[in-house]
Amino acid sequence: QVQLVESGGGSVQVGGSLRVSCEFSGRTFSSYAMGWFRQAPGKEREFVATVARGGGMTDYSDSVKGRFTISRNNARNTVYLQMNSLKPDDTAVYYCAAAFEHTTTSSADDYDYWGQGTQVTVSS
């Protein structure tokens, strides 16, 4: 069974940076596209970023493009989300997810496994 464990969330001021990580276990990491989603209080879960199995392709939501970078280290079974120029609207619980044998995908329905989430709070 796949397990995903996020870490690295916290509180940061507007304009600051934060990196969240997600450690994958239980299956072959390189067989899964990985994604980050987020959910703010009172809002629906939304797509943030995705990276292909080999790491060569990425995709981002318009709201984070140019500020966030997704990457993965297949030797360490870990996916990262580097978040720069953070805004209060970025405040949310951030979830990583794994999609078996996909390339990049922004659809939550394509993801087979989800982590428990990590809180990111951006204050002004």
- Task: Measure the shortest side-chain to side-chain distance between L4 and Y95 over non-hydrogen atoms and say whether it is less than 4.5 angstrom.
- Result: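 Not touching, per the 4.5 Å side-chain cut-off.
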- Query: Can you check whether V64 reaches R38 side chain to side chain, under 4.5 Å on heavy atoms?
  - Reply: yes
- Task: Mind listing the closest non-hydrogen atom pair of R45 and A108 along with its distance?
- Result: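 In this case the closest contact between R45 and A108 is NH2-CB, 4.0 Å.
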- Task: Check A92 against A40 and note the closest heavy-atom contact, atom names and distance.
- Result: CB-N, 3.8 Å
- Query: Measuring from R53:CZ to M34:CE, what's the distance to the nearest 0.5 Å?
  - Reply: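 Output value for this atom pair is 13.0 Å.
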- Query: Partners of F24 by ring pair (Phe, Tyr, Trp, His ring centres under 6.0 Å), sequence neighbours excluded?
  - Reply: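 Expected list: F29, Y32.
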- Task: Check side-chain contact (heavy atoms from CB on, under 4.5 Å) between E23 and all other residues, then give those that pass, not counting sequence neighbours.
- Result: T78
- With sequence neighbours excluded, residues passing side-chain contact (heavy atoms from CB on, under 4.5 Å) with L18: M83, L86, V120
[X]: what forms a salt bridge (Lys or Arg N to Asp or Glu O under 4.0 Å) with it, not counting sequence neighbours?
{"X": "R67", "result": "D90"}
{"X": "D89", "result": "none"}
{"X": "R72", "result": "none"}
{"X": "D59", "result": "none"}

- Does one side chain, of S61 or S63, offer a donor that lies under 3.5 Å from an acceptor on the other?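 The criterion, which ignores hydrogens and geometry beyond distance, is satisfied for S63 and S61.
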- Item | Pairwise ring pair (Phe, Tyr, Trp, His ring centres under 6.0 Å) hits with a residue in residues 40-89, at least two apart | F37-F47
- Task: Give every residue pair that meets the side chain to side chain donor-acceptor pair (under 3.5 Å) criterion with at least one member in residues 111-124, sequence neighbours excluded.
- Result: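 Of all non-adjacent pairs touching residues 111-124, those that pass side chain to side chain donor-acceptor pair (under 3.5 Å) are E6-Q116, T50-Y111, Q119-T121.
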- Would you mind listing every side chain to side chain donor-acceptor pair (under 3.5 Å) that reaches into residues 10-21, with sequence neighbours excluded?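 Found S17-N84.
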- Message: For K43, is the NZ atom crowded, meaning more than 12 foreign heavy atoms sit under 6.0 Å from it?
- Response: no
- Task: Go through T104 and T58 one step at a time and tell me if the side chain to side chain contact (heavy atoms under 4.5 Å, CB included) criterion holds.
- Result: CA-CA 7 Å; T104 54; T58 59; 5.6 Å; no
- For residues 94-111, pull every pair meeting salt bridge (charged side-chain N to carboxylate O under 4.0 Å, His left out), keeping only residues two or more places apart or in separate chains. none
- Linking I/L/V/M/F/W/Y whenever their side-chain heavy atoms sit closer than 4.5 Å, directly or via other members, would V12 and V20 fall into one cluster? yes
- Mind jotting down which residue pairs meet the disulfide (SG to SG under 2.5 Å) criterion with at least one end in residues 94-124? Sequence neighbours excluded, please. C22-C96
